[in-house]
Student: 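Just passing along the structure, written as structure tokens.
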Amino acid sequence: MKMSDELYNVLKWIAQYLLPAAGTLYFALAGIWGMPYGEQVVGTITAVDTFLGVILGISSATYKKNE
């Protein structure tokens with residue numbers, strides 16, 4: 001599957017900035033305000049972020065190989 005530059009850049013921004021920030025925010029607020037499932041939510045966000053990072057890494061390696 002070939003990924004467009006725009007899609008790659010959006011997914012990269014999500015993986016590098018949005019998901020880590022959202023996980024950190026939820027974890028901090030869960031501790032302060034007693035929100036439920038802090039570890040589970042952050043664990044899920046981390047798992048999704050890791051998966052996305054691997055997919056982007058494979059896409060980047062494939063792109064560089066084909067140049």
Student: State, yes or no, whether a side-chain contact exists between M3 and L11 at a heavy-atom distance under 4.5 Å.
Tutor: yes
Student: Could you see if I58 belongs to whatever hydrophobic cluster contains L52? Use Ile, Leu, Val, Met, Phe, Trp, Tyr and a side-chain cutoff under 4.5 Å.
Tutor: no
Student: Considering residues at least two apart in sequence or located in another chain, which fulfil the side chain to side chain donor-acceptor pair (under 3.5 Å) criterion with Y8?
Tutor: none
Student: Out of curiosity, Q16 CD to N9 CG, how far, rounded to the nearest 0.5 Å?
Tutor: 10.0 Å
Student: List the atom pairs, donor and acceptor, that lie under 3.5 Å between side-chain atoms in residues 18-47 and the rest of the protein, sequence neighbours left out.
Tutor:
from, atom 1, to, atom 2, distance (Å)
T24, OG1, P20, O, 2.9
Y26, OH, P36, O, 2.6
T44, OG1, Q40, O, 2.8
T46, OG1, V42, O, 2.8

Student: Using modelled atom types only, decide if a donor and an acceptor are shared between the side chain of S60 and the backbone of L56 within a distance under 3.5 Å.
Tutor: no
